[in-house]
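This report refers to the structure that appears directly beneath it.
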Amino acid sequence: MKYNPQEIEQKWQQRWAADKLYEVTEDNGKPKWYALTMFPYTSGDLHIGHWYAMAPSDVHARFKRMQGYSVLHPMGFDAFGLPAENAAIKRGIHPFTWTMQNIANMRRQLKSIGAIYDWGREVVTCLPDYYRWTEWFFLKLCQAGLAYRAKAPVNWCPRCQTVLANEQVVDGNCERCGTAVIHRDLEQWFFRITKYADELMEHKGLDWPERIKTMQRNWVGRSEGTEISFALDHPGVAEKEIRVFTTRPDTIFGVTFMVLAPEHPLVEKLTTPERKAEVEAYIYRSRHETEIQRLSTEKEKDGVFTGAYVINRLNGRRVPIWTADYVLLSYGTGAVMAVPAHDTRDFAFARKYSLPIEVVIAPPGWQGEELAEAYTEPGTMVNSGQFSGLPSQQGVTAVSEFMEKMGYGKRTVSYKLRDWLISRQRYWGAPIPIIYCPKCGIVPVPEKDLPVLLPENAEFRPTGESPLKYCEPFVNTRCPVCASPAKRETDTMDTFMCSSWYFLRYASPHFDAAAFDPEKVKYWLPVDLYTGGAEHAVMHLFYARFFVKAIRDMGLVAFDEPFTRLFNQGTIIAEHQKMSKSRGNVINPDQYVVELGADVVRAYLMFLGPWEQGGEWDDSGISGVSRWMDRIWSLVLEPYQMKMGASLTERLVECGTTYESTCRDLKRATHQTIRKVTEDIEKIKFNTMIAALMEYSNYLSRVKEMAIVEESEWREAVDTLLLLLAPTAPHVTEELWERTGHSYSIHNQPWPKWDEALVKEEEITLVVQVNGKLRDRITVPASITEAEARQLALDSPKVKTHLAGKDIANIIYVPKRLVNVVVR
RNA sequence: GCCGAAGUGGCGGAAUAGGCAGACGCGACAGUCUCAAAAACUGUUGGGGGGCAACCUCCAUGUCGGUUCGAGCCCGACCUUCGGCACCA
C-alpha cells in the first residue's frame with residue numbers, strides 16, 4: 001500500500017478523460033473564469049521550462065474551479081514558423097509533418113502534467129480551419145483601412161539568395177554561410193498599428209506588472225515636439241523645404257548643420273557632383289549594417305557632407321547638409337537639425353568633422369567659454385535673437401508658437417512605434433489572401449473563397465523569392481472581379497498574426513460560420529488571467545491588444561482589452577543559461593515524472609521560489625517534496641486511533657494539555673491554513689502556499705501521534721488538507737479522497753472556507769524590548785490591555801536586570817506585537 | 001549609457017502599514033533500526049564568546065552614512081548581479 005505515483009496518475013488521467021470531467025461548458029449559473037497560459041511553439045519537446053509555465057497556472061485555474069467558477073483553461077499550439085521550415089531544409093522533412101509529429105509528442109507530454117485542459121478545444125494555428133480565419137482577419141483589417149503596402153528593407157543574404165530573420169543574422173553576417181547581410185527593399189504589407197499608439201500606451205483597468213506597462217509605453221515612445229521647416233533652394237530640386245522633428249525648438253539658433261538618414265530620398269537629389277562618389281559609397285556601406293549596428297552606442301558616429309545647404313529661417317543662416325546613419329528614416333521625418341552644443345551625438349559628430357559648435361543655452365554661471373561636452377540641461381537662452389534671456393523651458397513653447405505664427409512649423413507628436421510589417425518571404429505561414437490582377441490591381445480574395453490553402457508540394461529551398469512564387473498551381477488564378485488571369489500574393493503572414501486572436505478561438509474552437517461565436521466570446525472574454533514569459537512583454541502582447549482594439553472598432557467585440565490580469569513567470573535556467581536545444585542544456589521532465597510523479601514535479605516547481613523569479617534548475621531539493629508526498633500518503637491512510645479511558649488521561653498529562661484546548665488548536669490551525677493557502681494562491685505566491693501546507697501536514701502528524709481528538713475531528717482536518725492540496729497534486733489527492741471513502745471527484749468539491757472567528761489566536765506572544773533590544777517574550781491573552789501589557793513587561797525579571805539604575809524615558813506599546821522600554 | 005528588479009545561513013528561499021531575522025525545504029552532523037548499507041524516523045544546525053546546566057551575552061540581511069524608541073524593510077552615496085531598452089532628434 002505504498003504511494004505509487006505512476007500507477008495512480010495514469011489511472012486518474014484515464015478516468016478523468018473517460019468521464020469528461022474537465023469538459024468546459026458555459027454555465028450561466030456560475031461566474032466565468034478564463035485562465036490562459038501562452039500556448040507553446042511546436043518545437044518538439046516539452047522541457048522543464050514549459051512545465052514551469054503550465055503547472056502553476058493549472059493550479060490557479062483548478063483553484064478557481066473549486067471556488068465555483070465556470071473555468072476555461074485551454075491549450076493549443078502555435079504551429080507556423082521558421083524552425084519548421086529550417087528543419088525541412090536541413091532534413092528534408094515536410095514542415096507539416098515535422099510540426100504534426102512534434103504536436104503529437106508535446107500533447108502526450110502535456111497530458112502527463114495532469115492539467116484541466118479540455119482537449120476538445122485544442123487550437124492548432126497551421127490547420128486550415130484555423131488559418132482560414134487568420135486570413136479572414138487580414139481581410140477585415142484591409143476593409144477597415146488598416147492594411148497597406150509599402151517598401152521596406154529586409155535582411156538579405158546575397159549568397160544564400162534568401163531573406164533572413166533578425167535572429168538569423170549574427171554580427172551582421174548570415175548565420176548559415178557567414179556572408180555579410182545587406183538590406184534590400186521589398187514591397188510588403190503593413191498594419192497601421194500606429195493609429196492606436198495613444199490608446200496602446202494606456203492600460204486602463206488592467207492589472208498588469210508595472211514593468212511591462214513601462215516597457216510598452218517606451219515601445220510606443222511618444223514624444224511631443226515641433227516639426228520645423230528649413231528653406232531649401234537647390235538647383236534642379238523641386239522641394240523647397242526640409243522638415244525636421246525636434247523636441248528642443250529652444251535650441252534652434254544653435255543649428256550648425258543638418259543630418260539626413262542615408263535612405264532619405266533627398267540625399268540622392270541634393271548631393272553635388274563632386275561629392276557623389278563619397279556619398280554613394282557611404283550609403284552602400286550603411287546598407288550592410290544591421291539596425292542594431294547602426295544604433296550601437298559603441299560605434300563612432302560618422303557621415304559625409306552632401307555638398308548642399310539649407311537655410312535656418314530664424315536667423316537666415318546657411319547650414320550644410322550631411323548624411324549619417326545615426327539618423328533613421330523610420331523615426332520623425334528622417335532628418336535632424338544638429339545642435340552640437342546641446343546634443344551629445346551632434347557634439348561628437350561636430351568635433352569629428354570640425355563643424356562649428358555654438359552655445360545658445362547658457363549653463364548656470366557660463367562666461368562665454370567653449371564647452372567641453374554638450375550641455376543638455378535647461379538654462380538661459382543666449383545668442384537667440386528676440387528669445388535671448390528666456391529660460392529654455394519657456395523657450396520651447398515660445399519658439400514653437402512663433403514658428404506656428406510664421407508658418408515655419410507646427411507642434412506635433414512623434415512615435416518610436418512603427419507600423420507592423422506582416423509580410424514574410426516564407427512558406428510555412430498563413431497565406432495572405434490577396435490577388436494581383438493586371439486590370440483590377442490589388443484585389444482581396446472574397447470571404448467565401450477562404451481559406452487560401454497553403455499548397456502541400458511547394459519548393460521551400462532558398463531561391464531568393466518567396467517559396468510560393470514557384471508553385472504555379474498556387475500562383476496562377478483568376479481575378480475574382482473580372483475573371484482574367486491573375487497572380488496570388490506569395491508572401492505569408494507573420495506568425496504573430498496567428499497568436500493575436502487565438503484566445504478568441506478557444507471560446508468556440510469548432511465554430512465554422514465565423515472566426516468565433518459572438519455569444520461564446522461574450523461569455524468568456526476577456527481573459528481573466530493570462531500567464532507567460534516576460535519575453536513577450538512587447539511584441540505579442542502589443543499586437544494582440546491592437547487586434548482587439550481594431551475589431552472592437554469594427555463592432556465585432558465589445559471589450560477594449562484582451563487580458564485583464566497579466567502575470568509573468570520567471571525563466572528556469574540551466575548551467576547559468578536559458579534552456580535551448582542548440583545549447584544542449586534542455587532538462588526533460590519525463591524522467592522526473594516517471595520516477596517521482598507529476599504531482600511531485602508540479603509541487604516542486606512551485607516550491608522552488610517566487611514564480612515570477614524563475615531560477616536555476618536544481619533537482620537536489622525535489623526529494624524533499626517527494627518525501628512530503630509519501631508522508632501525506634501514510635498520514636491519511638494509516639488508521640487513526642484515539643486514546644481512550646486511562647490511556648487518554650495519561651496522554652493528556654504527558655502532553656500537558658486538555659482535550660478541549662487540543663481540539664481548539666486543531667480547529668485554529670485548520671482555519672489559519674485555509675486562509676493562508678487561499679490568499680497565497682490568489683496573490684500567486686505558490687512557494688509560501690506549499691510551505692503552509694507542509695507546516696499543516698507536519699502539525700497533523702503530531703496531532704495524530706497525540707491521539708487526543710475524536711476521530712471525526714481528525715477526519716475533518718485530513719479532508720481539509722486534501723482539498724487544499726487538490727489543485728497542486730490532483731492525482732494523489734483524488735486517490736486519497738476515494739480511499740478515505742468519499743465520492744468522486746475531489747475536484748468537484750467546493751473550496752474550503754475559513755471562519756474568521758476560528759482563525760483568531762487566544763494567546764499571543766508579546767516581545768519585550770529595552771532600548772530596541774529583545775530582552776524577553778511573554779505569553780499573554782490576546783485581549784490584553786495596554787496598561788496590563790506595560791505592567792507585565794516591567795515585571796519581567798529579565799527586563800528588570802536591564803532597567804537597574806536607569807530612568808524610564810518612554811514605553812512604546814504596539815498592540816499584539818511588543819513593548820519597548822526606553823531608558824536613559 | 002538609460003530604465004527596472006534584486007543582493008538575507010553551506011544552498012533554494014521566508015519575514016515589508018518599520019516591530020521576535022532565518023518560516024518551509026535541501027544539504028550537513030549525530031542518533032534509532034540493520035551483520036552492514038540504503039531507505040525511513042528522531043534530534044541538532046547563522047557566527048563569536050561564556051557556563052556543568054535549563055541558559056547568558058555580543059555580532060550578523062552587499063558596503064558606508066542617515067532618519068527612528070526600534071531598520072532586512074524608509075532616505076542618501078557606493079559596489080555587485082540579473083533583466084529590459086538602446087544614437088529617438
Side-chain angles (χ1 to χ4, degrees), chain A residues 209-212 214-215 217-219 221-223 225-226 228 244-249 251 258-259 261 291-292 294-301 324-328 330-339 342-346 348-349 414-417 534-535 537-538 568 570-571 573 576 603-604 607-610 612-625 627-628 630-631 634 685 687-698 701 765-777 798 801 809-824:
Chain A
E210 217 38 64
R211 206 177 67 244
I212 304 293
T214 305
M215 279 164 73
R217 277 195 296 269
N218 291 342
W219 186 258
R222 182 189 158 98
S223 67
T226 309
I228 294 175
V244 301
F245 175 78
T246 181
T247 53
R248 293 294 305 274
T251 63
M258 175 176 283
V259 188
E291 194 158 304
I292 301 291
R294 271 176 68 171
L295 302 185
S296 164
T297 34
E298 306 296 307
K299 205 191 98 175
E300 200 180 334
K301 290 135 205 35
D325 63 10
Y326 75 86
V327 175
L328 305 175
S330 56
Y331 185 76
T333 60
V336 173
M337 64 177 218
V339 186
H342 306 295
D343 181 281
T344 320
R345 295 171 315 259
D346 298 344
F349 197 84
S414 200
Y415 299 93
K416 182 185 146 192
L417 180 70
E535 67 272 21
V538 196
N568 294 115
T571 314
I573 56 173
H576 311 288
Y604 181 58
F607 185 58
L608 276 177
E612 67 271 24
Q613 203 173 290
E616 182 81 18
W617 171 256
D618 172 5
D619 64 9
S620 66
I622 200 167
S623 59
V625 175
R627 282 200 283 257
W628 177 51
D630 283 337
R631 283 199 301 272
S634 43
K685 293 178 81 174
N687 56 331
T688 50
M689 185 245 335
I690 303 276
L693 285 171
M694 285 175 169
E695 265 178 283
Y696 185 55
S697 70
N698 289 346
S701 302
T765 303
L766 265 192
V767 167
V768 185
Q769 300 180 332
V770 176
N771 283 352
K773 286 199 173 166
L774 175 75
R775 292 306 175 192
D776 199 5
R777 292 167 231 252
K798 287 178 189 167
T801 61
N810 195 5
I811 297 177
I812 312 262
Y813 173 66
V814 181
K816 301 197 173 174
R817 296 267 189 192
L818 60 65
V819 179
N820 185 13
V821 184
V822 186
V823 297
R824 235 178 269 131

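From a predicted model like this one, the values you see are computed outputs, not experimental measurements. A, B, ... follow the sequence lines: proteins, then strands. Residue 1 opens every chain.
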W219(A) has a side chain; which of C26(B), G19(B), A86(B) sits nearest to it?
A86(B)
Side chain of R211(A) only, please: which of C56(B), G4(B), A21(B) is the nearest?
G4(B)
Heavy-atom donor-acceptor pair, D346(A) side chain to V339(A) backbone, under 3.5 Å
yes
Side chains of L766(A) and K816(A): does their closest heavy-atom pair fall under 4.5 Å?
no
Can you check whether R217(A) has a side-chain N or O nearer than 4.0 Å to OP1 or OP2 of C85(B)?
no
Are any non-hydrogen side-chain atoms of I690(A) and Y604(A) less than 4.5 angstrom apart?
no
Check whether any side-chain heavy atom of L818(A) sits under 4.5 Å from a side-chain heavy atom of Q769(A), and report yes or no.
yes
Separation between the C1' atoms of C3(B) and A60(B), rounded to whole Å:
33 Å
Quote, to the nearest angstrom, the P distance that separates G22(B) from A14(B).
15 Å
Quick check for you: among C58(B), G19(B), A89(B), whose closest atom lies nearest to any side-chain atom of F245(A)?
A89(B)
Mapping N810(A) and S620(A) to their closest nucleotides on RNA chain B, which lands nearer the 5' end?
S620(A)
Find the distance L818(A):CG to A71(B):C1' and express it as a whole number of Å.
13 Å
Would you say the side-chain atoms of T246(A) pair up with the backbone N or O of R248(A), donor to acceptor, closer than 3.5 Å?
yes
Given the C1' atoms of U32(B) and A38(B), what is the spacing between them in whole Å?
15 Å
Remember a base hit wins even if backbone is also touched, and classify N820(A) as base, sugar-phosphate or nothing at under 4.0 Å, heavy atoms.
base
Under 4.0 angstrom between K798(A) side-chain N/O and C56(B) OP1 or OP2
yes
When rounded to the nearest Å, what value does the distance between C1' atoms of A86(B) and C73(B) take?
33 Å
Quick check: does any side chain N or O of N810(A) sit under 3.5 Å from a backbone N or O of V821(A), one acting as donor and the other as acceptor?
no
Any K773(A) side-chain N or O less than 4.0 Å from OP1/OP2 of G19(B):
no
Given the C1' atoms of A28(B) and C11(B), what is the spacing between them in whole Å?
11 Å
Gap between atoms CD and C1', on E612(A) and C82(B) respectively (whole Å)
14 Å
Side chain of S623(A) only, heavy atoms from C-beta on: which candidate in G27(B), G19(B), C59(B) is closest?
G27(B)
For a quick check of understanding: with a heavy-atom distance under 4.0 Å over all strands, which category does R222(A) fall into, base, sugar-phosphate or nothing?
nothing
Would you kindly give the CG-to-C1' distance between D630(A) and A38(B), to the nearest whole Å?
15 Å
Between G18(B) and C74(B), how far apart are the P atoms? Round to whole Å, please.
8 Å
The side chain of R631(A) lies closest to which of these nucleotides: G19(B), A89(B), G25(B)?
G25(B)
Which nucleotide wins on minimum distance to the side chain of N698(A), given the candidates C26(B), A86(B), G25(B)?
G25(B)
Checking understanding here: a glycosidic angle within 90° of 0 is syn, the rest anti, so what is G31(B)?
anti
Paired stems touching RNA chain B, three or more consecutive Watson-Crick or G-U pairs with both distances under 3.5 Å?
B:1-7 with B:79-85, B:10-12 with B:24-26, B:27-32 with B:40-45, B:46-50 with B:55-59, B:62-66 with B:74-78
Taking the side chain from D776(A) and the backbone from K798(A), do they hold a donor-acceptor pair closer than 3.5 Å?
no
Heavy-atom check, side chain of T251(A) versus side chain of M337(A), under 4.5 Å:
yes
Would you measure the distance from the C1' atom in U45(B) across to the matching atom in G66(B) and give it in whole Å?
36 Å
Nearest to the side chain of V822(A), heavy atoms from C-beta on, is which of C69(B), G19(B), A86(B)?
C69(B)
Both G621(A) and I812(A) contact RNA chain B. Taking the nearest nucleotide for each, which residue is further toward the 5' end?
G621(A)
Is the centre of the F349(A) ring less than 6.0 Å from the centre of the Y326(A) ring?
yes
Tell me: CE of M215(A) to P of A5(B), nearest whole Å?
13 Å
Nearest-nucleotide pick for T246(A), side chain only, options being A86(B), C24(B), A89(B):
A89(B)
Interatomic distance, N568(A) CG vs G84(B) C1' [rounded to whole Å]:
12 Å
Within this structure, what is the CZ-to-P distance between R627(A) and A38(B), rounded to whole angstrom?
13 Å
With a 4.5 Å cut-off on side-chain heavy atoms, are V822(A) and N771(A) touching?
yes
Spacing of the C1' atoms in A54(B) and C35(B) (rounded, Å)
40 Å
Under a 4.0 Å N-O cut-off, is there an ion pair linking R217(A) with E210(A)?
yes
Going 5' to 3' through nucleotides 7-16 of chain B and flagging B where a protein heavy-atom sits under 4.0 Å of the base, S where only the sugar-phosphate is that close, and - otherwise, we get -----BSSS-
Whole angstrom is fine here: how far is it from CG in N218(A) over to P in C2(B)?
15 Å
Rounded to the nearest Å, what distance is computed from the CD1 atom of residue I811(A) to the C1' atom of nucleotide G19(B)?
16 Å
Are Y415(A) and S223(A) close enough that some pair of their side-chain heavy atoms sits under 4.5 Å apart?
no
